[in-house]
Amino acid sequence: MTTAVDGRLDQETLVGLFERMLLIRRFEERASEYRLAGHIPGFLHPCIGQEAAAVGTCAALGPDDVILSTHRGHGHMLARGADPGRMYAELYARVEGYNRSKGGSLHMIDTDLGFLGANGIVGGGIPIAGGAALQQKRRGQGGVAVSFFGDGAANQGAFHEVLNLCSLWKLPAIFVCENNLYGEFTAQSEQSPVADVADRAAAYAMPGVIADGNDVLDVREKVAQAVARARAGEGPTLVECKTYRHRGHYEGDMCAYRPEGELEQWLERDPLVTFPARLVSEFGVPEEEIEAVRAQVEQRLDEAAEFAAAGTFADPAETFEHVYVDSIEGKALR
Amino acid sequence: MKPIRFAQAITQALDEEMARDEQVILLGEDIGKPGGSFGITKGLLDKYGESRVYDTPISEEAIVGAALGASMMGARPVVEIMFNDFAALAMDQIVNQAAKIHYMSGGRLSAPLVIRMLCGTNGSTAGQHSQSLEAWFTHVPGLKVVAPSTPADAKAFLKAAIRDPDPVMFFEQRMLYNTKGEVPDEVEPARLAEGKVVREGSDLTIAAYMKGVHQALEAAEILERDGISAEVWDVRSLVPFDRDGLRASLERTGRLMTVHEAVVRSGFGAEIAAIAAEEMFDLLKAPVRRVGAHPTPHPYAPQLESTMLPSVERIVETARELVGATEKVA
């Protein structure tokens, strides 16, 4: 079961995975600064530390596949190829943002990328992913639906209802649990007697697989196997990515609940440290190429932030748009 | 044109819309081979097959989520929630997800789904199978809410709801399922914004919906013997609400009473009363009166339940007070 379904990756692809992870890391580090500088009015839930799970998963998907994400969704969206400029514009509450400043961080959506939404409700995207998988099956073109969620969401009723339903109907769904050890401000061990969320797959007669969530290649391989199984009509898989959230539940959370030394241990396994080192030592990527990627990412994010800052605020009249597709001559708006 | 039962009208609407558009799919508990708890979907699985009629586990949140996700990708799902009481189990998907997806996406996604919900008592169905919760959904921007009272309207409004691009909560009152009414052979979708005068009158307007319309019509007969002329206005669509229709009726009568089976407190009658008070005060000769269930859970015992529920007698009595009170004021 450990053989990669499509063999070894070429150097360009490997460097691409690094570039995407770095883009996410730096996008969020900068977003944190921009928020403190007063440019971002709402919540931010950074996924710093978890980039390998997002990028590894999305690297195993095709263009017709769709994704449902979480409150920690910037990484999933960037991993899928989103434009950081339009994402910053959304965070800056400008109409140039992906959702015309109506959604913000917690509700970003890009249908062109098959990114059907971050979600402000823990576990809220899981049932929608079930429906997306249902429609993928009805289309019959081999598309799958990926549902990202955290260890906290695995204790929601929705998780159990949907895994049961999707397995029963053999829907092409991939349930990717990013187990970052914390649900909001409380350790996973204090919220569930089950240490491995993957164990719960057995209750729904589907494979439960554990991936090293800080190893982009391991995640990619495990998810690729799940995707192959889904495309073959064999039904869903639960993939648990063991990872760690470097920052708090949201920006501003000081993480007083963390045991001493825990963060430091995980920092040694930081995918943004370990993967570039592997690229050089194991895959023969020149150091200069790594440095060039770093410079490109900074430049891209400079431009993205400039794009957002130059954006326009929505006209107040737009408050009343998009409540309904058809408000029936405005009657539904009163 | 021939008389058919309310329940048959629902089945016909589903059948015709499924035949028209292969993206119309059904999801719900026991809706496949059993044909649904009340027989609404009988025969549709055989006719349209397993890729159109999905008999689900008892998992309301997963069912509504499945409909929502599929609708975001081009399907036109119609969900059956066996009793609206069970919608409480799916509220995240309805309220936080389906109602808001078009708005939060800045118009990039929409959720064209229908949730059919049975509501109201069926006699001693007690606390968890009897409620009328339509007002909950009217409080959530992004949802449309429909509550028909006749077979013809049920068919025309359900067809409209299925073709509508937004999420529509479609209420079916259990006590109306066996009532009969004439339905044209060819039914066009209704416009989801229009109430309807079902009996003309000059002394007061009774704004009612679902079973309340039938009770109001009975009350109007009794009131006529007292020399009180009641107009009965079937609200039909709660969101959007037909303000023009209400105003036109009040211009004729000058008095307003609302009737629904839902509990009066924060029921939709309160919204209608507020609209009249805010926007049509100049037309009102007397304070608005509301008739509905008293604010208690539904009791099991028949004599307790009949105390709780609105009755024709209460409507008549309230109408007499409303008209009499005005005369005293005048």
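The figures that follow rest on heavy atoms only: side chains count, while hydrogens, waters and symmetry mates do not. Per chain, numbering begins at 1; letters A, B, ... match sequence-line order. Bear in mind that the values here come from a model prediction, so they are computed numbers and not experimental data.
- In terms of heavy atoms, Asn99(A) sits closest to Ser105(B) at ND2-O, 2.9 Å.
- A 4.5 Å side-chain heavy-atom check between Met104(B) and Leu106(A) finds every atom pair outside the cut-off.
- Between Ile101(B) and Ile109(A) there is a side-chain heavy-atom pair separated by less than 4.5 Å.
- Residue Gln128(B) qualifies as open at atom CD: its count of foreign heavy atoms under 6.0 Å is 12 or below.
- Most heavy-atom pairs under 4.5 Å with chain A, from the set Pro165(B), Gly106(B), Gly107(B), Ala90(B): that is Gly106(B).
- Side-chain atoms of Asp326(A) and Leu192(B), non-hydrogen and from C-beta on, never get closer than 4.5 Å to each other.
- Of the listed residues (Arg139(A), Arg100(A), Lys137(A)), the one with the most heavy-atom contacts under 4.5 Å to chain B is Arg139(A).
- Residue Asn164(A) touches chain B through its side chain alone, counting heavy-atom pairs closer than 4.5 Å.
- Taking all atoms of both residues into account, the shortest heavy-atom contact from Ala62(B) to Glu161(A) is N-OE1, 2.8 Å.
- Remark: side-chain polar atoms of Tyr103(B) are paired, donor with acceptor, to backbone N or O of Thr319(A) under 3.5 angstrom.
- With a 4.5 Å cut-off on side-chain heavy atoms, Lys102(A) and His102(B) do not count as touching.
- Per-residue heavy-atom pair counts under 4.5 Å with chain B were compared for Val325(A), Thr111(A), Leu333(A), and the maximum is reached by Val325(A).
- Heavy-atom contacts from other residues, nucleotides or ligands closer than 6.0 Å to CZ of Phe43(A) number 12 or fewer.
- To the nearest 0.5 Å, atoms CD1 (Ile328(A)) and CZ (Phe241(B)) are separated by 14.5 Å.
- Per-residue heavy-atom pair counts under 4.5 Å with chain A were compared for Asp164(B), Asp242(B), Val64(B), Thr56(B), and the maximum is reached by Thr56(B).
- Looking at Met73(B), both its backbone and its side chain come within 4.5 Å of chain A, counting heavy atoms on both sides.
- No part of Ser147(A) comes within reach of chain B, as not one of its non-hydrogen atoms sits under 4.5 angstrom from that chain.
- Chain B forms the most heavy-atom pairs under 4.5 Å with one residue out of Glu318(A), Arg138(A), Glu90(A), and that residue is Arg138(A).
- In this structure, Tyr54(B) and Trp169(A) have tilted ring planes: the angle between them lies in the 30° to 60° band.
- For Val95(A), no part lies under 4.5 angstrom from a heavy atom of chain B.
- For Asp92(B) against Gly124(A), the heavy-atom pair with the smallest separation is OD2-CA, 3.7 Å.
- Arg334(A) places none of its side-chain heavy atoms less than 4.5 Å from the side chain of Ile275(B).
- In this structure, the portion of Glu329(A) lying under 4.5 Å from any heavy atom of chain B is its side chain and not its backbone.
- Between Tyr324(A) and Leu143(B), the closest heavy-atom pair is OH-O, 2.6 Å.
- Considering only heavy-atom pairs separated by less than 4.5 Å from chain A, the leading option among Ile58(B), Asp166(B), Val239(B), Asn96(B) is Asp166(B).
- Interatomic distance, Gln97(B) CD to Asn119(A) CG, rounded to the nearest 0.5 Å: 4.0 Å.
- Interface summary for chain A: among Lys100(B), Glu50(B), Gln23(B), the most heavy-atom pairs under 4.5 angstrom belong to Gln23(B).
- At most 12 non-hydrogen atoms from other residues, nucleotides or ligands lie less than 6.0 angstrom from CD of Glu22(B).
- When heavy atoms are compared at a cutoff of 4.5 Å, Leu168(A) approaches chain B solely by way of its side chain, counted from C-beta outward.
- Residue Asp110(A) touches chain B through both its backbone and its side chain, counting heavy-atom pairs closer than 4.5 Å.
- Counting heavy atoms from C-beta on, the side chains of Ile128(A) and Gln93(B) come closer than 4.5 Å.
- With values rounded to the nearest 0.5 angstrom, Arg108(B) atom CZ is found 11.5 Å from Phe115(A) atom CZ.
- The CG atom of Leu68(A) sits 8.5 Å away from the CG atom of Leu68(B) when rounded to the nearest 0.5 Å.
- In this structure, the separation between CG on Leu165(A) and CD1 on Ile63(B) is 8.0 Å, given to the nearest 0.5 Å.
- Rounding to the nearest 0.5 Å gives a distance of 5.0 Å between CG of Asp244(B) and NZ of Lys331(A).
- Most heavy-atom pairs under 4.5 Å with chain B: of the set Gly130(A), Ala129(A), Ala158(A), this distinction falls to Ala158(A).
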